[in-house]
Asks: 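First the structure, then my questions, so here it is.
Throughout, numbering of the chain's residues begins at 1 and tracks the sequence. The analysis underlying the following values was restricted to heavy atoms, covering all of them including side chains, and did not include hydrogens, waters or symmetry mates.
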Amino acid sequence: MDSSSSTLLCNPSFFQTKQIILPSQFIWPKDDLVNESYEELNEPLIDLAGFFSGNTGETIKAAELLHTACINHGFFQVTNHGVDEWVVSAAHREADALFKLRNDKKMSLKRKAGSIWGYSGAHSDLSDRIQYI
């Protein structure tokens, strides 16, 4: 998986020639929108070396960082986790392959209610409701 920044490029003429009608679920209140000035995202870095070496103090520190990251960010980066690089690379390749699929194929893998397995994308099941006039 490429960790570099990505940019979405749009053809401006598309928006000049068509009016898009969006379902209300896609329209966010202006107060919820991100402003144009972006801050650097400093995701929490959690080092598990102390945990694996049996260091109680470092284990407590890692647990506290993990708790705070889950509460404040919802994600984090882990180092010294002991997972082989080939396993991490294989997981990235599989994730890349999934997200490169056409939307209809991804939706055929949709997560079933009550299950933790399957595809779930933000509003992906609503994309067929967008109208172009």
Side-chain angles (χ1 to χ4, degrees):
M1 182 155 72
D2 183 8
S3 62
S4 63
S5 298
S6 61
T7 303
L8 176 64
L9 300 175
C10 297
N11 181 347
S13 65
F14 174 82
F15 296 105
Q16 294 168 356
T17 60
K18 297 190 183 281
Q19 181 180 359
I20 302 172
I21 300 173
L22 295 175
S24 61
Q25 296 95 323
F26 287 96
I27 302 172
W28 289 8
K30 286 185 180 184
D31 292 342
D32 289 351
L33 298 177
V34 176
N35 64 30
E36 292 182 16
S37 63
Y38 297 99
E39 294 179 26
E40 179 70 26
L41 177 63
N42 294 312
E43 75 275 6
L45 180 64
I46 301 171
D47 187 347
L48 296 181
F51 168 76
F52 285 114
S53 70
N55 181 316
T56 303
E58 289 297 313
T59 299
I60 291 170
K61 180 180 172 184
E64 289 171 349
L65 286 170
L66 179 64
H67 177 262
T68 301
C70 289
I71 298 295
N72 295 333
H73 293 280
F75 61 93
F76 46 87
Q77 185 177 3
V78 178
T79 60
N80 298 311
H81 44 67
V83 178
D84 288 332
E85 180 57 37
W86 71 268
V87 174
V88 174
S89 295
H92 287 171
R93 284 192 303 277
E94 292 297 321
D96 285 343
L98 172 68
F99 288 106
K100 287 178 182 175
L101 292 173
R102 292 185 337 254
N103 196 47
D104 63 327
K105 181 63 177 170
K106 286 187 276 194
M107 292 311 296
S108 74
L109 306 169
K110 187 176 178 180
R111 184 180 60 84
K112 308 281 189 276
S115 173
I116 61 171
W117 306 106
Y119 175 75
S120 177
H123 301 299
S124 60
D125 58 335
L126 300 176
S127 61
D128 59 336
R129 298 185 197 171
I130 297 175
Q131 298 175 14
Y132 300 97
I133 57 171

Asks: Nearest 0.5 angstrom please: R102 CZ to S108 OG, how far?
Replies: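 Reported value, rounded in 0.5 Å steps: 9.0 Å.
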Asks: Does the T68 side chain pair with the main chain of L65, one donor and one acceptor, at a distance under 3.5 Å?
Replies: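 Not a single qualifying donor-acceptor pair exists.
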Asks: How about K61: does its NZ atom have over 12 heavy atoms from other parts shown lying under 6.0 Å from it?
Replies: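 No - once you tally the heavy atoms of other residues, nucleotides and ligands closer than 6.0 Å, there are 12 at most.
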Asks: What's the separation between atom CZ in F51 and atom NE2 in H81, rounded to the nearest 0.5 Å?
Replies: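 Separation between the atoms: 13.5 Å.
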Asks: Taking S115 for its side chain and R111 for its backbone only, find out whether a donor-acceptor pair lies under 3.5 Å.
Replies: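 No; zero donor-acceptor contacts below 3.5 Å.
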Asks: For I46 and A69, which heavy atoms make the closest approach, and how far apart are they?
Replies: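 Of all heavy-atom pairs spanning I46 and A69, the closest is CD1-CB, 4.5 Å.
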Asks: What distance separates Q77 CD from D47 CG, expressed to the nearest 0.5 Å?
Replies: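 Separation between the atoms: 11.0 Å.
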Asks: Do I60 and L66 belong to the same hydrophobic cluster, where Ile, Leu, Val, Met, Phe, Trp and Tyr are linked whenever their side-chain heavy atoms lie under 4.5 Å apart, directly or via other members?
Replies: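 No: no chain of side-chain contacts under 4.5 Å links I60 to L66.
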Asks: How close do C70 and F76 get, counting heavy atoms only, and between which atoms?
Replies: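 Between these two residues, the closest heavy atoms are SG-CE2, 3.9 Å.
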Asks: In chain order, what residues pass the side chain to side chain contact (heavy atoms under 4.5 Å, CB included) check against L109, with sequence neighbours excluded?
Replies: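 Partners of L109 by the side chain to side chain contact (heavy atoms under 4.5 Å, CB included) criterion, ordered by chain and then number, come out as L98, L101, Y119.
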Asks: Check for a donor-acceptor pair, side chain of D84 on one end and backbone N or O of W86 on the other, with a separation under 3.5 Å.
Replies: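 No, the answer is negative, given that no donor and acceptor are paired below the 3.5 Å cut-off.
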Asks: In Å, rounded to the nearest 0.5 Å, how long is the span from CG of N80 to CG of L48?
Replies: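 Between N80 CG and L48 CG, I get 7.5 Å after rounding to 0.5 Å.
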